[in-house]
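A short write-up of the structure that comes next.
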Amino acid sequence: MDQATGMKLEEGIHLADRVNRINVSPTMAVMQEAERFKARGADVVDFGPGEPDFPTPDHIKRAAVQALDNNRTKYTATAGIAPLRQAICDWHAQQLGSSYAPSECIVSVGGKHAIFNAICSLINAGDEVIVPAPYWVSYPDIVKYAGGTPVIVATHEKDGFRPPPEAIERTITPRTRIAIINSPSNPTGAVIPQDQFAAILEICERHDIWLLSDECYSHFVYGDARPYSIASVPGSKERVIIAGSFSKTFAMTGWRLGYALAPVPLIAALTKLQSQSVSNPTSIVQYAGVEAMRGPMDSVRVMLAEYARRRELILAGLRAIPGVTCTAPQGAFYVFPNISAHLNAELPDDMALAKRLLEREHVAVVPGEAFGAPGHVRISYATSMERIEEGLRRLGRFFGAGK
Ligand code: PLP
């Protein structure tokens with residue numbers, strides 16, 4: 001702390017409060033640590049990454065190449081090219097039963113960017129945002145960056161990590177502006193049943209707060225479940241902000257493409273913010289996005305089938321380890337086992353356990369603390385069956401043989 005200014009000094013540099021309020025994404029920190037081990041030649045089984053291990057489908061890549069060849073390399077409209085905004089609305093209507101117009105759509109630099117812009121557009125200092133835990137790591141930090149207060153609602157393993165609507169309602173105060181719902185969830189894979197989602201929507205309507213629905217994993221649901229959007233409920237649109245992403249559905253994490261669907265005045269605010277920051281998402285990426293939205297969805301089905309096989313393998317393997325319990329994820333590509341029975345004086349928390357696991361067995365997982373759920377770790381099964389088998393062998397040895 002600098003006595004004269006009262007500002008926090010970061011390696012001698014005065015940083016703004018809004019930056020001092022937030023932390024580097026803890027999932028990125030784990031990935032960096034795993035990278036260090038890999039750089040030293042260690043054979044790391046990396047259960048860390050929250051991204052598909054599949055390549056982007058060829059037809060999407062070709063559309064980007066064609067956009068380059070056609071010199072689509074200039075600035076675009078801030079909210080995205082018209083054909084993409086239309087294609088997103090059409091895709092969302094067809095896949096998820098909504099009825100948005102392009103004026104209710106903005107294209108962003110990833111789904112995270114859409115969430116960031118929405119929160120920054122709506123939150124004043126002291127405003128509250130309801131975030132069910134375990135949560136995706138970025139929600140609380142984005143809220144803090146905007147000057148707001150994340151209000152965490154704990155969910156429980158016994159409820160399949162689904163937030164009971166009453167629990168959400170109990171945390172609402174006059175300062176509450178937004179409730180964030182992420183279904184399927186990162187990190188638990190929980191999928192909120194439609195009636196529960198509708199009950200949360202009704203609560204938001206009654207208390208005049210926004211429902212920010214993060215649909216990043218919408219197309220990765222298992223068994224009989226089908227992709228679902230709360231925006232398909234008639235009359236919901238005035239209350240709902242949809243954050244969508246191309247990253248997971250089309251294996252396009254590095255392309256940075258996402259969108260928000262919301263009422264026109266809010267889209268106008270998001271566009272204003274975008275116009276003063278990134279200007280527009282990358283032009284050629286937007287043309288690839290049109291192809292993703294308009295082209296065949298076969299690759300999504302192939303990826304889902306493969307995730308389903310991996311899910312079976314990892315669930316069975318984890319449940320066979322004494323002292324480890326694990327709810328079955330209904331969506332996304334993560335499992336979130338409870339490892340608290342393995343904590344002790346030497347390994348007091350999941351952070352210490354994850355560190356030891358990486359050092360001893362070269363297995364990278366993300367500590368549950370990062371998601372507001374100590375006593376757990378997140379394991380991503382967006383990796384091959386062979387690596388999952390190898391990882392399970394090492395986990396069995398680690399938990400069985402003492403730490
Ligand atoms: N929402 C959730 C729940 C996520 O897990 C992620 C990425 O990991 C995102 C949003 C952001 O995705 P992107 O910015 O790549 O579209």
Side-chain angles (χ1 to χ4, degrees), residues 24-31 46-54 56 60 80 84 88 91-92 105-120 129 131-143 150 155 161 163 178-192 211-221 227 229-230 241-261 270 274 277-278 281-282 285-286 288-289 292-293 307 329-336 366 368 370-373 378-382:
V24 176
S25 164
T27 47
M28 296 209 176
V30 172
M31 280 165 78
D46 200 348
F47 287 136
E51 65 178 341
D53 55 323
F54 301 97
T56 304
I60 299 175
L84 181 54
I88 291 169
W91 182 87
H92 206 272
C105 173
I106 180 170
V107 185
S108 55
V109 185
K112 185 187 270 186
H113 186 218
I115 294 166
F116 184 91
N117 283 353
I119 291 174
C120 286
V129 178
V131 180
Y135 45 71
W136 178 48
V137 291
S138 291
Y139 301 139
D141 279 285
I142 295 175
V143 171
T155 67
F161 292 114
I178 307 175
I180 302 180
I181 295 294
N182 172 217
S183 173
S185 150
N186 173 6
T188 65
V191 172
I192 300 188
L211 174 52
L212 171 52
S213 178
D214 180 347
E215 299 183 344
C216 183
Y217 297 94
S218 61
H219 279 63
F220 298 123
V221 285
S229 174
I230 192 65
I241 305 161
I242 299 293
S245 171
F246 289 68
S247 289
K248 322 284 169 160
T249 316
F250 301 103
M252 292 177 71
T253 46
W255 298 65
R256 312 308 303 128
L257 194 61
Y259 57 88
L261 300 166
L270 267 58
Q274 193 150 293
S277 49
V278 298
T282 305
V285 169
Q286 293 189 57
M293 297 276 100
Y307 289 141
Q330 297 159 303
F333 41 67
Y334 309 102
V335 276
F336 200 59
V366 187
F371 309 95
R378 190 193 75 176
I379 292 179
S380 161
Y381 51 89

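Counting starts at 1 for both ligands and their atoms, in listed order.
Applying the 4.0 Å criterion to heavy atoms of N182 picks out, from ligand 1, the atoms 3 (C). Heavy-atom proximity to G110, at under 4.0 Å, picks out these atoms of ligand 1: 14 (O), 16 (O). Listed by number with element, the atoms of ligand 1 under 4.0 angstrom from any heavy atom of S247 are 13 (P), 15 (O), 16 (O).
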Kindly determine whether Y307 and F220 satisfy side chain to side chain contact (heavy atoms under 4.5 Å, CB included), including the steps that lead there. CA-CA 8 Å; Y307 289 141; F220 298 123; 3.8 Å; yes

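Among all protein heavy atoms, the one lying closest to atom 2 (C) of ligand 1 is D214 OD2, 3.4 Å. Ranking the protein heavy atoms by distance from atom 14 (O) of ligand 1 puts R256 NH2, 2.8 Å first.
Here the side chain of R378 pairs no donor or acceptor atom with the backbone of T188 at under 3.5 angstrom. With hydrogens and angles ignored, the 3.5 Å screen pairs no side-chain donor or acceptor of S183 with any backbone N or O of S185.
The residue E51 has no part lying near ligand 1, judged by heavy-atom distances below 4.0 Å.
Close N/O approach between Y217 and ligand 1 is found [any backbone or side-chain N/O within under 3.5 Å]. Taking distance alone, with nitrogen or oxygen atoms compared against 3.5 Å, G111 approaches ligand 1 more closely than that limit. Considering backbone and side-chain atoms together, Y139 places no N or O closer than 3.5 Å to any N or O of ligand 1.
The residue from H113, K248, K112, M252 that puts a heavy atom closest to atom 7 (C) of ligand 1 is K248. Of the candidates S245, G258, G254, C216, the one placing a heavy atom closest to atom 16 (O) of ligand 1 is S245.
In this structure, Q274 CD and H113 NE2 are separated by 4.5 Å, a value rounded to the nearest 0.5 Å. The distance from atom CD1 of I142 to atom SG of C120, rounded to the nearest 0.5 Å, is 7.5 Å.
Looking at P163 and I192, their side chains come closer than 4.5 Å, going by heavy atoms from C-beta outward.
For the 3.5 Å distance criterion, the side chains of E215 and S229 qualify, holding a donor opposite an acceptor.
Taking the six-membered ring for Trp and the full ring otherwise, F161 and F371 have centroids separated by 6.0 Å or more.
Heavy-atom distances between T253 and ligand 1 stay at or above 4.0 Å for every pair.
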